[in-house]
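Working notes, beginning with the structure itself.
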2 protein chains.
Amino acid sequence: MEPARRPGGRSARVRTAVHEAVLDLLSKEDWGSLSLAQVAERSGVHQATLYRRWRTLGALIDDVVTEQLSRGSPVPDTGTLRGDLEAYAVQVAADVAGPLGPLYVRAAQVGTRVQDDNQLYMMDRAVRLQGMLERAAARGESPPTLLELMEVVIAPLYYHAIFFNRPVGADHARTLVDRLLSLPR
Amino acid sequence: MEPARRPGGRSARVRTAVHEAVLDLLSKEDWGSLSLAQVAERSGVHQATLYRRWRTLGALIDDVVTEQLSRGSPVPDTGTLRGDLEAYAVQVAADVAGPLGPLYVRAAQVGTRVQDDNQLYMMDRAVRLQGMLERAAARGESPPTLLELMEVVIAPLYYHAIFFNRPVGADHARTLVDRLLSLPR
DNA sequence: ACTTTGAAGCGAAATTATTCGCATTAAGGA
DNA sequence: TCCTTAATGCGAATAATTTCGCTTCAAAGT
């Protein structure tokens, strides 16, 4: 993702400051009116540095998003399939409705290099979810497939966020899980 | 959408030329490397005109997308619920996988004024789909709700297009329709 | 510690994007 | 047909973005 040859100390501090500035600015105004100049001022990092390290605003945002994605959101392990699914659904609903929800979508769309990173992240998440389903199977439950999970629960959560800009409540998220679990098998 | 006080003749020709140029350029390169200057050159319309009429590149693209959306894609009326649903699903799958599929998503995300336009379009489409479902009910079939249609069929189509950049085939679209029709009611 | 050198700071220069003023064209209505 | 004036064309002015050359700082290896 970022092959810095000298990743420690100052570079790390700069990176942190810049990321914080981006998230900060992004929570106030939308990413259409965001500029590298603003990020430079807010973070106290010189503009030329931003251009040298990230090249474009888009690449910087992608870096931030990837960072955020890779840090948070562990797949839950509550002991029951329904518990896991509900926890996960509610969490995704919250994430996607949050300030950087739109960025997830954007990051998935654009980009060249980032596309790869994003694919990697998706793969990783898919593997973890697969693990969740397999744990359920090991307990004797009969879980849905990963594809069904994505289509019946996750896709609608994103859809609502994108097209209706409406946060999906926990109750509605649970309805989706109900639907998934009542699928014929 | 565009309250032009003098919509005919030259203005219309300019608008058409510009829209064509945008679609043309967009089919070649992605919308990250698109600029108003390019559109001006390709269309033969002066750059200042583009700025005056559309203000920003984003607004122009939104205008193009809205135009495209409003023209095509009539809701099918095949005589059976399943026929209507399958035809519609296949059509959406094709649209969203096409060259300006990503733009639909983008248009839904950004924007201030456009948000309204988009909402209007969504409303309009929702009304037509609602009509489709009501026709089925009138025939004695027991159709799903509009919400179920959107969540079970449409949302997964968009999800696949956005996150996997993979066109959903007609067969898979039909699988989604099957799932919708086998929902408990 | 000391050295090497990648990364950051700084301001100016080059480039690109956006706006402005004015002249010209042609819609739309009388 | 003629008038009025919105819309466009045109080029210059202004503003913004992006790059450059150079200096300074400090990470990583010895």
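Computed from a predicted structure; not experimentally measured. All values below were derived from every heavy atom in this structure, side-chain atoms included, with hydrogens, water molecules and symmetry-related copies excluded.
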Spacing of [X] atom [atom1] relative to [N] atom [atom2], expressed in whole Å:
| X | N | atom1 | atom2 | answer |
| --- | --- | --- | --- | --- |
| A:R53 | C:dG9 | CZ | C1' | 14 Å |
| B:Y51 | D:dA13 | OH | P | 19 Å |
| B:L50 | D:dC10 | CG | P | 13 Å |
| B:W54 | D:dT8 | CH2 | C1' | 11 Å |
| B:Q38 | C:dT16 | CD | P | 12 Å |
| A:R55 | D:dC20 | CZ | C1' | 12 Å |
| A:L36 | D:dT18 | CG | P | 6 Å |
| B:R15 | D:dT8 | CZ | P | 11 Å |

**Report entry** Sidechain N-carboxylate O distance under 4.0 Å for B:R174, B:D178
**Finding:** no
Report task. Considering only NZ, NE, NH1 and NH2 on the basic side and carboxylate oxygens on the acidic side, decide whether A:D63 and A:R53 come within less than 4.0 Å. Result ->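 A salt bridge is absent here (no side-chain N lies under 4.0 Å from a carboxylate O).
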Query raised in the report: Within the structure shown, what part of the strands sits under 4.0 Å from A:A48 by heavy-atom distance: base, sugar-phosphate, or nothing?
Result: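 Touches a base.
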Query raised in the report: Would you say the side chain of B:E86 lies within less than 4.5 Å of the side chain of B:T78, judging by non-hydrogen atoms?
Result: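 Contact flag for B:T78/B:E86 side chains = no.
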Requested in this report: Indicate yes or no: at least one non-hydrogen side-chain atom of B:L183 is less than 4.5 angstrom from one of B:L180.
Outcome: yes
Is [X] close enough to [N] that one of its side-chain N or O atoms is under 4.0 Å from OP1 or OP2 there?
| X | N | answer |
| --- | --- | --- |
| B:R13 | C:dA27 | yes |
| A:R10 | D:dA28 | no |
| A:S11 | C:dA7 | no |

Query raised in the report: Going by modelled atom types, is there a donor-acceptor pair between the base of D:dG9 and the side chain of B:R52 at under 3.5 Å?
Result: yes
**Report entry** Heavy-atom pair of closest approach, residues A:L81 and A:A136
**Finding:**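 What the structure gives for the nearest pair is CD1-CB, 3.8 Å.
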Query raised in the report: What nucleotide, of D:dT19, C:dC10, C:dT19, holds the atom closest to the side chain of A:H46?
Result: C:dC10
Query raised in the report: In terms of the nearest nucleotide of DNA chain C, which residue is placed more toward the 5' end: B:S35 or B:G9?
Result: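 Residue closer to the 5' terminus by nearest nucleotide: B:S35.
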